[in-house]
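No hydrogens, no waters, no symmetry mates; every other heavy atom, side chains included, goes into these values. First the proteins, then the strands, lettered A, B, ... as listed; each starts at 1. The model shown is predicted, which means the values in this text are computed figures rather than measured ones.
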Amino acid sequence: MAAGFAEAGADLELVGITKRFPGFTAIEDLDLRIPAGSFFALLGPSGCGKTTTLRLVAGLEQPTAGRILIGGRDVTNVKPYQRPVNTVFQSYALFPHMSVINNVAFGLRRRGIADPYGKAHEALQLVELDHLSNRRPQQLSGGQQQRVALARAVVNRPSLLLLDEPLGALDLKLRRQMQLELKSIQNEVGLTFVHVTHDQEEAMTMADTVAVMNKGAIEQMGAPEELYELPRTAFVANFLGQSNLFTGEVTSSGGPTGAAASIVVAVGGAKIEVPSERAQRHSGRVTIGVRPEKLVLHSSQPKKEAGTNVLGPGRITDVSFSGVSTQYQLVLPGFGLVTVFAQNMVFGPVVNLGAEVWVSWNVDHGFGLLDEPEVAPKFEPDTDTATIAAQARRELMAEIEEG
Amino acid sequence: MRGSLFGRWLLPVYSALAVILLLIPVVYTIVFSFNASVKSNILWKGFTLENWTHVCDARGVCASVANSLFIGVIATLIATAIGTLMAIALVRFKFRGRALVNILLFLPMATPEVVLGAGLAAQFLAVGFGKGIVTIIIAHVLFCISFVVVTVKARVASLDPALEEAARDLYGSSWQVFWRITFPLLLPGILAAALLSFSLSFDDFIITRFNNGGVETFPIFVYTAAAKGVPAEANVVASAVFILALVIVIVGQASSAARRKRLAREA
């Protein structure tokens, strides 16, 4: 039984978790360890298995294989209402027939905790909604409902708080505000937060550890800066921000770049240098990349210096101004489409459409990937959760009808 | 100006006529409940309150009403309980034969009552089950369940499953989740289904006639009495039922309007 209040968050450990639904596998052999007290984000596109992972931890789904441990205790076969876990649902799932205060006190009353309403009022004060405690949920705005849902979960002091895209229904401004509030509440209560989202910016601003999920597996896990600066796979490189990727053969390995060793990759007639320690593989055909904001545009050919890579010439095919920066698209023969973000230090675009340009970047900013980018299909495959569920449902219905 | 002529005169007059036509039998019943009738209640003999104040004086009226109320309440309770559980199962769970059950549910509604009544009567005869109040209740439960399931199903379908998941997540056992979340949220649908099944049971004649074994329900009493003249007290009962139904509808509408107003004001 989930007795009493958790003093602090607890570790969450998933060991070899697999979840199959009729017709598809949502999660394949997932291992994950989330240390106590951290703000952890599971980031991935829809249909990647992140929400299923959360539901498994909450006990709303049963894993096909594997074990779930919370604070070292195996809870794989424990009923959801006996787990020290609370969830903030994507739709908030506030009980429409109860007042706000009764919603918040619901969990405390079920566990027979003393002074449930006093504690519920405290939780509402934390989210600054105590003055609305007698309202019904449908009389509140979306942001207020979200905060009630948060209070309803936090008030139970669970070892683990699960957040299933809780900011998805809010507009941009409110999202930013709620992100900061969530973060400060997590600091205040010190619980372990597991946050599921498809918004990479949200994951990076809020979490101290981000796990990028794709097709039911974790591609890479680490601090947001680490994931951004040194992505290991093509999926991470492009899901978390944008990347310019080039694929070619390694021609030399271990050559000196200043003091550090580096590999040299031949791409489209040019040689691109990447530090060895920033490359996952050091031989054969590899994909290397660099972030668009690390590139510098030149309107005349720059001198080749040690410690920089230079590509060009190419032509600007698109210029779009976005306030803080300007995004340039250019075609570099032999390299394909390259994107450059340039800070707007002067007014208007520095180079115009169709101009001949070169790009350069510091060798230290490049990275080498484990895999190659997949050839992008013309149309996105229908792999979002709703489609998969619809397919599974159709198959199940057919099965039932046959039987 | 044909359009305006149609809109201003034809449509209102036509609608008024239609409403009057619908209300004539009701008005007749209510008016003749105040008739100072002697033997038959066909000709207007003058106004009296006797029928209303001494409604149980006419032989058989009150006994049959009591029978109908008893049967209606018991059949409604059973049908609503079974039907609600079926509706939840049909919406929330996937199981073998679900589609079949959904189709079979419509059979009692689609089958002519005469066939249903006669079929049941034959079955009771075959198993040697003595007809009486129990067989009437069984028959009424049978045809009410379908209506309950259809009514409650719509309500279950509109209920977000995340609400029940949230309650489970917030330490509610299955039993608590049902009584504190599922049931209160389904209640409007369940009440509507109960009202529907009570009114179906209360005025059923055909199926009851086949399975009553001498027990007189109110519709059967009126039918039998019609041969020798329906007593004005029957009109009193019918009028009372009509007025009661009207009051329920008005109170329901008024309270939900007041509720909407209150919610709007507080928001």
Chemist: Counting heavy-atom pairs closer than 4.5 Å to chain B, which one of A/Ala93, A/Ala153, A/Ala149 comes out on top?
Modeler: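 Option with the greatest count: A/Ala93.
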
Chemist: More than 12 heavy atoms of other residues, nucleotides or ligands under 6.0 Å from CD of A/Gln125: yes or no?
Modeler: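 Check passes, neighbour count above 12.
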
Chemist: Does any backbone or side-chain atom of B/Gln176 lie under 4.5 Å from a heavy atom of chain A? Answer side chain, backbone, both or neither.
Modeler: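 Only the side chain of B/Gln176 comes within 4.5 Å of chain A.
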
Chemist: Measure A/Leu162 against the heavy atoms of chain B and call it side chain, backbone, both or neither at under 4.5 Å.
Modeler: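 For A/Leu162, no heavy atom lies under 4.5 Å from chain B.
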
Chemist: So, A/Asn156 side chain and A/Pro158 main chain: donor-acceptor pair closer than 3.5 Å or not?
Modeler: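 A pair under 3.5 Å: no.
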
Chemist: So which residue, B/Asp160, B/Val177, B/Leu163, ends up with the most heavy-atom pairs under 4.5 Å with chain A?
Modeler: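 That would be B/Leu163.
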
Chemist: Do B/His140 and B/Thr76 pass the side chain to side chain donor-acceptor pair (under 3.5 Å) test, and can you show the C-alpha distance, the side-chain angles, and the key distance before you say yes or no?
Modeler: CA-CA 8 Å; B/His140 285 199; B/Thr76 297; over 6 Å; no

Chemist: If only atom types and distance count, is the side chain of A/Arg147 paired as donor or acceptor with the main-chain N or O of A/Glu181 below 3.5 Å?
Modeler: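 Here the side-chain-to-backbone pair does not exist.
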
Chemist: Under a 4.5 Å heavy-atom cut-off, does chain B meet the side chain of A/Thr87, its backbone, both or neither?
Modeler: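 It is both, since atoms from each part get that close.
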
Chemist: Kindly confirm or rule out a cation-pi arrangement of A/Arg152 over A/Phe95, judged by NZ or CZ under 6.0 Å from the six-membered ring centre and within 45° of its axis?
Modeler: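 Geometry flag: set, cation within 6.0 Å and 45°.
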
